[in-house]
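See structure below.
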Amino acid sequence: MLDNAVYFVTFIVSAFWIIEVLKKSQFEKAFKPNSIWHIRSFYIIVSLIGAHLLASMVERIFNLF
């Protein structure tokens, strides 16, 4: 039960953190102008994948103790 809470909290926090990092990294220049939908979907997909990886890593570390 506590493992799921650790995973969920880490997932949410890291997803928002990754989105903020991507916003500040100027990836918009790699896309065509005015393609907001493509940029936002790219940010969401990358942030969800990265958040899952970070959350599973934190959960495994949490299970060690």
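Only heavy atoms go into these numbers, but all of them, side chains included; no hydrogens, no water, no symmetry mates.
Both Phe42 and Ile39 sit in one connected hydrophobic cluster of ILVMFWY residues. Membership requires side-chain heavy atoms under 4.5 Å apart, directly or through other members. Hydrophobic cluster membership differs between Val58 and Val9, with clusters built from Ile, Leu, Val, Met, Phe, Trp and Tyr side chains linked at under 4.5 angstrom. Tracing side-chain contacts under 4.5 Å through hydrophobic residues (I, L, V, M, F, W, Y), one reaches Val21 starting from Val46; they form part of the same cluster. Following chains of ILVMFWY side-chain contacts shorter than 4.5 Å, one can reach Ile45 starting from Leu53, so the two form part of one hydrophobic cluster. Hydrophobic clustering, with ILVMFWY side chains joined whenever heavy atoms are under 4.5 angstrom apart, groups Ile44 together with Phe8.
Using a 4.5 Å cut-off on side-chain heavy atoms (C-beta onward), Leu54 and Trp17 make contact. Ile61 has its side chain within reach of Met57: a pair of non-hydrogen atoms, C-beta onward, lies under 4.5 Å apart.
Using modelled atom types, one finds a donor on one side chain and an acceptor on the other under 3.5 Å when comparing Tyr7 with His52.
For Phe62, the ring pair (Phe, Tyr, Trp, His ring centres under 6.0 Å) test picks out no residue, with sequence neighbours left out.
Residue Asp3 holds its CG atom at 12.0 Å from CZ of Arg60, rounded to the nearest 0.5 Å. Distance OH/Tyr43 to NE2/His38: 14.0 Å, rounded to 0.5 Å.
A pairwise comparison of heavy atoms in Ile18 and Ala51 identifies CD1-N, 3.6 Å as the closest pair.
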